[in-house]
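Values in this document were obtained by computation on a predicted structure and should not be read as measured data.
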Amino acid sequence: MLRVSLSQLTTQFRRFIAIGLAVMLAVAFLSSTLMVGASTQASLGASVGEAYRKAQLVVTPQDGKELSQEAVDAAASAPAVAESYAERYATVTIDDGGEQLARVRNLASPAMEPSVLLSGRYPAAADEAAVDSRTAERLKLNPGSELTVGTTGAPEAGGKPGTRTFRITGLLQPSNDPFSAPFPQLLAPDGTVASLAPGNEGFTGLQLSLRDGQDESAAGDHLGQRLKAAGAGDALVQTSGEKVTAAVAQMSGGQDQLTIILLAFAGVAVVVSTLVVANTFSVLVAQRTRELALLRCLGAGRAQIRASVLFEAGVLGLVSSVLGVLAGAGLMSGLIAWARTGPEQSFATLAVPPSAIIAGLLAGTLLTVIAALLPAKAATAVAPLAALRPADDASLRNKRGRARLWLGIALLVVSVPLLVLGAMFNMLFVAMPAGALSFVGVLLCASLFIPPVVAAAGRLAAPAGVPGKLAAVNAVRNPARTSATAAALLIGVTLVTLMMTGAATSRQAFDAMLAENYPVDLAVRIDGDARTDEAAVRKVGAFDGVQAAALLQAAGTITAPGTAADGSPVFAISSGDAAAVLRDPGLRPQAGTVYLPERLVLDRVTIAGPGGTRSFAGKVLRTGNIEPLMDSTTAATLLGGPAPGTTGPGSAQELPRTAWLKLDDGLSADRIQAIQREAAAAFGVPVHNVSGAAVERVVFNSIIDVLLLVVTALLGIAVVIALIGVANTLSLSVLERTRENSLLRALGLTRGQLRGMLALEAVLVAGVAAVLGSALGTAYGWLGAKAALGPVAEVVPVVPWLQLLGVFAVAVVAGLLASVLPARRAARLSPVQGLATT
């Protein structure tokens, strides 16, 4: 039997090409999805965590404190520590078209320095510094140039009071870290940075690398004890990965949902791969039922037949899985390389974890073997002579059909409520398996509802004459064959539609989450004449890249002694201005309510203004990137004006003003920084008076775009899998119908009519599968997005109509193309030869 199996694989290799491609693409899909997770984490490490890329452990002081030299020495001298780097920062100002804040970081040892030197060398002397290439390009700096910065320390020898002049020694790769990217970045020796921040002798963090063979968890516990003994017991010791995850969670509303979403995609990939491979291989083995029965008539035992089929499946699955893993890695490599061409996605990093390779090889091989096991068992379960006769198809008239129906209904009854429950209560790991089981239930019932639907749709083919009528009749005459052909495309279309709908819904949810976290793009703190401010707002509103601008007047200051909110100004904004400049469409101030950032928690807010003191209800927002604000109508009672001649605290003259800007979508970080400088010049304020989360929003949005880009690209693989399944099942269907088609030819059906009949049949089946798959995929996409993103964002169902129409068109065209070769082969066969086929 081994020789028979090897002979099948070599002489009948064309029979296995289609299923080999299906397995290969399914494995490529699974491996690529797993690589997406690793590549996303690697990309996050290259952006948010690039400052920790050479560290294994990171020590972070809490509650705004700093690490003392004693604590740093205690941690660095631990036996498990190989290298250490104590971070220190200072703030200076540079003339970058206006006075702009810049960050100066102290240089680490070569083994721990996280920056990338593009040209020149690292600074060594006290008057030397390196600068990022983006800032160097704006200021026209090169190695050897001089840069004068403003300082807050005592005047240095040889420099003007309040200034410091550095000789630039090298250019650095600009940071992709959203917390550093908005500022020019300078690098200088530790002593220089300490002198730029007088009275601030501590360190903002400590990075450590461990000796070979050291366990990170044990080393972290030991370091915690040493830090506690040195007086820094509240410092947090994390691995670099934990630090990056915490930073991402801080940006995304407190939860690391990206990893959860990627795990969901991996789960979907496993389920879809199982269904596609099982359906394709089942059809192939079923087509060989007569051949296997003949081998049994010649003396082969049932165990030998099963072993032969499983051996063929194992070899085919292993070879296809290897090719699939290689294809997945190649696809991801190309996508990441293409993503890196964008300036805002230069941090995109390819990562191929061992799990992607092992899971791909195991899944492809095992799924192929399992898919072949049931048909092989069914083929050997009856007597050889009985197996040589045509088998009854599953229908309500036989036990097999009724068993499939009741099993499918049972799965739907159990899984659909769980799917809805998981979506409503944001339980992804309940919704995901429930969705998979419900889809299996749909497939089990497919042979009972797909043929009648195809027959009903066949009325549209009636004008085509005899071929159209025969195509409609064939759908109900052999329900199993029609269902098998439709199931391959139904799986693919459902998956494609699921991901399209899920991606569109997730994109909107991500946008809403970012809008809630970063409602104001840019804010300008103003000190000047009100009439001048209004003219400046009109001028800034006309800048290229500025969508809207509004001037806000503070209505008063919060009176809350002993809290962080005491003395904070509350700005008044009208509904029209709020709609124009705020990203969050749900943030529209209502009368009688003061909206507070998450750092200021007050149930009642007392505000002292020029017109008196009043108390309002407080509502805490889920963002810290906004100032307290209230409705302008409510604020009018506080702006009644002070008593004549009053110029003390609370007078209108002393209340601050601010301008809020909303920027166009798609602006680069460089353009946003240019708008900051232009706005500062228009209002006559230093550049550091212009703040906001626009740059952080761009960088974080870029991370999401890279994720969705790769996930969307996986749709192409799903489409190809579906097309391979349709072509394979349709080809096998034509082979099974050789005698039937030849009989039709003998009765007068022309070659053209035969080709037309097969083409119409394929189009009808593909169209019905596309419609049903689109409906199922849309529902699954909505529920999946709700389960995954519900905890962090409001999920509103989105229907990508144009994409769905595209899927329908592709499915119909694919069905038509899939029928070309089988129809051509059937038409070329003479009726006499076809009728002689056994």
Side-chain angles (χ1 to χ4, degrees), residues 512 514-541 543 546-558 565 567-600 602 605-612 614-641 650 652-663 675 679 682-683 685 689-694 697:
L514 289 175
E516 185 179 27
N517 287 333
Y518 305 106
V520 179
D521 286 342
L522 291 178
V524 185
R525 191 171 70 254
I526 301 172
D527 298 309
D529 182 71
R531 290 171 296 178
T532 304
D533 297 342
E534 293 173 357
V537 167
R538 289 193 295 270
K539 180 179 178 180
V540 170
F543 286 170
V546 176
Q547 191 175 125
L551 181 66
L552 282 72
Q553 169 72 55
T557 58
I558 297 176
S568 299
V570 180
F571 292 95
I573 187 171
S574 66
S575 296
D577 285 343
V581 299
L582 293 178
R583 287 276 178 181
D584 186 1
L587 185 53
R588 300 291 181 265
Q590 302 297 317
T593 302
V594 176
Y595 295 80
L596 302 168
E598 59 184 357
R599 65 179 181 276
L600 306 179
L602 295 173
V605 183
T606 301
I607 303 176
R614 290 191 59 191
S615 180
F616 303 93
K619 181 178 180 179
V620 180
L621 304 174
R622 297 203 318 185
T623 176
N625 301 302
I626 196 171
E627 297 293 333
L629 73 158
M630 64 191 307
D631 177 63
S632 57
T633 303
T634 304
T637 58
L638 294 168
L639 291 171
Q653 296 95 317
E654 291 190 355
L655 289 174
R657 292 186 302 279
T658 186
W660 284 357
L661 311 182
K662 183 178 182 180
L663 307 183
I675 292 175
F683 283 101
V685 297
N689 275 31
V690 184
S691 60
R697 178 187 173 90

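- The closest side-chain heavy-atom distance from D584 to L621 is not below 4.5 Å.
- If you take OG on S691 and CG on L522, they are separated by 8.0 Å, rounding to the nearest 0.5 Å.
- The side-chain hydrogen bond (donor to acceptor under 3.5 Å, both in side chains) search around S575 returns none, not counting sequence neighbours.
- The side-chain heavy atoms of V570 and I558, taken from C-beta on, include a pair separated by under 4.5 Å.
- The two residues L663 and A694 have their closest heavy-atom pair at CD1-CB, 3.9 Å.
- Although no hydrogens or angles enter the test, the distance criterion places a donor-acceptor pair under 3.5 Å between the side chain of N625 and the main chain of N517.
- Scanning for side-chain hydrogen bond (donor to acceptor under 3.5 Å, both in side chains) contacts around R599 gives an empty result, with sequence neighbours left out.
- Residues R525 and V685 share a closest heavy-atom pair of O-CG1, 3.8 Å.
- A pairwise comparison of heavy atoms in S568 and L600 identifies OG-CD1, 4.1 Å as the closest pair.
- F543 and A682 make their closest contact through CZ-CB, 4.3 Å (heavy atoms, listed as atom of the first residue, atom of the second, distance).
- Side-chain contact between L638 and F616: present, with at least one pair of heavy atoms (C-beta onward) separated by less than 4.5 Å.
- Looking only at side-chain heavy atoms (C-beta outward), I526 and L551 come within less than 4.5 Å of each other.
- Taking 4.5 Å as the limit, every side-chain heavy atom of L552 sits out of range of all side-chain heavy atoms of E627.
- The minimum heavy-atom distance linking L661 with A679 is given by the pair CD1-CB, 4.2 Å.
- Here the closest non-hydrogen pair linking A555 and P610 is O-CD, 3.6 Å.
- Residues meeting the side-chain hydrogen bond (donor to acceptor under 3.5 Å, both in side chains) test with R614, sequence neighbours left out: T637.
- With contacts defined as side-chain heavy-atom distances shorter than 4.5 Å, the pair L602/V594 does not qualify.
- At a threshold of 4.5 Å between non-hydrogen side-chain atoms, the residues I607 and M630 count as touching.
- A distance-only check finds no donor-acceptor pair linking the side chain of S574 to the backbone of S632 [under 3.5 Å].
- To the nearest 0.5 Å, atoms CZ (R657) and CD (E534) are separated by 9.0 Å.
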Under the criterion side chain to side chain contact (heavy atoms under 4.5 Å, CB included), I'd like the reasoning laid out for L587 against T623: C-alpha separation, chi angles, the key distance, then a yes or no. CA-CA 11 Å; L587 185 53; T623 176; over 6 Å; no
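- Between W660 and L582, some side-chain heavy-atom pair lies under the 4.5 Å cut-off.
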